[in-house]
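Order of appearance sets the numbers: ligands from 1, and atoms from 1 within every ligand. This chain uses plain numbering: 1 for the first residue, then up along the sequence. The analysis underlying the following values was restricted to heavy atoms, covering all of them including side chains, and did not include hydrogens, waters or symmetry mates.
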Amino acid sequence: MDYHTLLARLGEGSAHPGGFQATKELIGQINFSRGTKVLEAGCGTGRTACYLAGLGVSVTAIDRNGDMIQKATHRARLSGLPIRFMQADASSLPFPDETFDAVFTESVTAFTQGSTAIHEYWRVLKPTGVLYDRELAFAKSLTTAQKKTLQSFYGLQHLRTVPEWLKLMSKSKFHKYSASPFSQMKQMTNDHDPLRVIDHELFTKPDVVAMMMKNERLMSSFSNVMGSIVITAWKA
Ligand SMILES: C[S@@+](CC[C@H](N)C(=O)[O-])C[C@H]1O[C@@H](n2cnc3c(N)ncnc32)[C@H](O)[C@@H]1O
C-alpha cells in the first residue's frame with residue numbers, strides 16, 4: 001500500500017501542514033467571491049472542496065487516487081454540495097486552457113515532478129487567474145540518506161527548501177509570485193472531521209499498523225526541519 005492509499009483508507013480530510021485550520025485561514029484571507037471557478041488539485045477526501053463549495057464557490061476537484069475521489073464524492077453527496085470530481089493527474093489536467101479563476105492546492109505539487117504540474121496550473125487559469133499552493137518545505141537541505149528515507153516512504157518527488165521552491169516558480173510562466181514565510185510544522189491539534197470515513201479493518205493489518213507507526217516516527221524525527229509555505233502566483 002502506498003502512502004496516499006493509506007491516507008484515503010484512513011479518510012484523512014486535511015493531510016497537509018497546518019491541517020484544516022490553516023486551510024480555513026487561507027481561504028478566509030483569499031475571500032473568493034461566490035461563483036468563482038476554482039480547481040482544487042489533489043483534493044484528497046474532499047474536505048476542502050466541500051468547504052469551498054459551501055461558501056458558494058464553483059468547485060472542480062481532481063485527485064490521482066481513485067479511493068480519494070470515491071471518498072470525496074461520498075462526502076459531497078452527504079453534504080448536498082454540487083462539486084465536479086474527477087480522477088486525474090495534476091501534471092496532465094483534463095481541462096481546456098483558461099478555464100478557472102483560481103487553482104487551489106495543498107501538499108500535492110511536491111508529489112509531482114514539479115514544473116509540469118505548475119505549467120498545468122498556469123495553463124488552465126484564466127488570464128487573471130491566481131494559484132494558491134501550500135507546500136511542504138524544508139528549513140535546510142537534507143542529506144541524501146534523509147531524502148531517500150522520506151521520498152521512499154511518502155512518494156515525494158522532491159524535498160525542497162524555500163529557495164528551491166522559489167527557483168522552481170522563477171522558471172514557470174507565472175508573471176508574478178510570492179511565498180509566505182516558512183512556517184515550521186506544528187503538532188496537529190485534535191480536529192474533528194464529522195464526515196471522515198475510516199476503513200477500520202486497516203487496524204487489524206500488522207503491515208499497515210507498522211506503516212502508521214513509521215509515519216509517526218518520521219514526522220517526529222523531522223519535525224525540526226519540516227514546515228510549509230504558501231505560494232501565491234499570478235498569471236498576469
Ligand atoms: C498529502 S495529500 C493532500 C490531500 C489534500 N490536498 C489535503 O490537504 O488533504 C496529497 C494528495 O495528492 C494526491 N496526488 C499526488 N500526486 C498527484 C498527482 N500527480 N495528481 C493529482 N493528485 C495527486 C494524492 O492522491 C493525495 O490525495
Side-chain angles (χ1 to χ4, degrees), residues 1-27 38-53 59-76 83-95 100 102-121 123-124 131-137 150-160 168 183 185-186 188 191-193 195-199 211-212 215 218-219 222 226-231:
M1 182 181 297
D2 68 21
Y3 172 66
H4 290 139
T5 301
L6 174 66
L7 288 180
R9 301 278 303 273
L10 289 172
E12 183 55 65
S14 292
H16 57 261
F20 194 51
Q21 186 56 35
T23 300
K24 288 193 290 188
E25 279 168 21
L26 177 58
I27 291 171
V38 175
L39 170 68
E40 193 194 0
C43 61
T45 63
R47 193 177 185 194
T48 298
C50 286
Y51 182 72
L52 284 167
V59 184
T60 299
I62 65 110
D63 200 285
R64 191 174 58 176
N65 185 299
D67 291 340
M68 290 291 196
I69 290 296
Q70 218 179 326
K71 285 209 172 161
T73 306
H74 177 70
R75 185 193 288 274
I83 299 170
R84 178 163 67 141
F85 287 107
M86 290 171 76
Q87 186 175 0
D89 197 310
S91 302
S92 175
L93 292 170
F95 308 109
F100 299 101
V103 172
F104 189 91
T105 184
E106 292 182 294
S107 210
V108 177
T109 313
F111 295 98
T112 72
Q113 163 270 349
S115 57
T116 312
I118 289 171
H119 178 77
E120 281 295 89
Y121 305 153
R123 182 184 67 74
V124 300
L131 165 70
Y132 303 95
D133 188 351
R134 183 194 309 278
E135 286 300 331
L136 188 64
L150 291 176
Q151 283 173 326
S152 67
F153 185 80
Y154 293 108
L156 284 158
Q157 297 255 355
H158 295 278
L159 305 165
R160 293 188 172 90
L168 182 70
S183 158
M185 198 86 100
K186 296 179 201 92
M188 298 281 259
D191 159 39
H192 177 61
D193 171 4
L195 296 182
R196 178 172 182 173
V197 179
I198 304 176
D199 298 359
M211 207 175 156
M212 291 180 211
N215 177 41
L218 287 175
M219 283 291 155
F222 285 92
M226 246 188 204
S228 64
I229 52 167
V230 176
I231 297 165

Would you call Leu136 and Pro17 a side-chain contact if the rule is heavy atoms closer than 4.5 Å?
yes

In the protein, which heavy atom is nearest to atom 20 (N) of ligand 1, and how far is it?
Ala90 N, 2.8 Å

For atom 12 (O) of ligand 1, what's the nearest protein heavy-atom neighbour? Residue, atom name and distance, please.
Val108 CG2, 3.6 Å

What protein heavy atom sits nearest atom 11 (C) of ligand 1, and how far off is it?
Asp63 OD2, 3.9 Å

Below 4.0 Å from any atom of ligand 1, is there a heavy atom belonging to Gly155?
no

Could you check atom 19 (N) of ligand 1 against the protein and tell me its nearest heavy-atom contact, residue, atom and distance included?
Asp89 OD1, 2.9 Å

How far is atom 22 (N) of ligand 1 from its nearest protein heavy atom, and which residue and atom name does that atom have?
Arg64 N, 3.2 Å

N/O to N/O below 3.5 Å, does that happen between Ile62 and ligand 1?
no

Hey, do the aromatic rings of His4 and Phe111 have their centres closer than 6.0 Å?
yes

Within-cut-off N or O pair, Glu12 and ligand 1, under 3.5 Å
no

Sub-4.5 Å side-chain heavy-atom contact between Ile27 and Thr48:
yes

Only heavy atoms of Ser14, strictly under 4.0 Å: list the atoms of ligand 1 that pass.
9 (O)

Please confirm whether Ala117 comes under 4.0 Å of ligand 1, counting heavy atoms of the residue only.
no

Of all the atoms in ligand 1, which lie at a distance below 4.0 Å from a heavy atom belonging to Gly13?
9 (O)

Would a 4.5 Å heavy-atom cut-off, applied to side chains only, mark Leu168 and Arg160 as touching?
yes

Which option out of Ala15, Gly18, Ala88, Gly46 puts a heavy atom nearest to atom 7 (C) of ligand 1?
Ala15

Would you call the rings of Tyr132 and Phe104 parallel, tilted or perpendicular, taking 30° and 60° as the class edges?
tilted

Could you identify the single nearest non-hydrogen protein atom to atom 8 (O) of ligand 1 and state the distance to 0.1 Å?
His16 ND1, 2.5 Å

Closest protein heavy atom to atom 4 (C) of ligand 1, given as residue, atom name and distance to 0.1 Å
Gly42 O, 3.5 Å

Between the side chains of Asp191 and Arg47, is the shortest nitrogen-to-carboxylate-oxygen separation below 4.0 Å, so that they form an ion pair?
yes

Anything under 30° is parallel, anything over 60° is perpendicular, the rest tilted; go ahead and classify Tyr3 against Phe153.
tilted

Between Asp199 and Lys71, is the closest basic N to carboxylate O distance under 4.0 Å?
yes

For atom 10 (C) of ligand 1, what's the nearest protein heavy atom and its distance?
Ser107 O, 3.2 Å

Going by distance only, is there an N or O of Thr112 that falls short of 3.5 Å from an N or O of ligand 1?
no

Nitrogen or oxygen atoms of Leu7 and ligand 1 under 3.5 Å apart:
no

Please tell me if the side chains of Glu106 and Glu135 come closer than 4.5 Å, counting only heavy atoms from C-beta onward.
no

If you measure only the distance, is there a donor-acceptor pair under 3.5 Å linking the side chains of Arg75 and Thr45?
yes

4.0 Å heavy-atom contact, Ser91 with ligand 1:
no

Compute the ring centroids of Phe100 and Tyr121, then answer whether they are less than 6.0 Å apart.
no

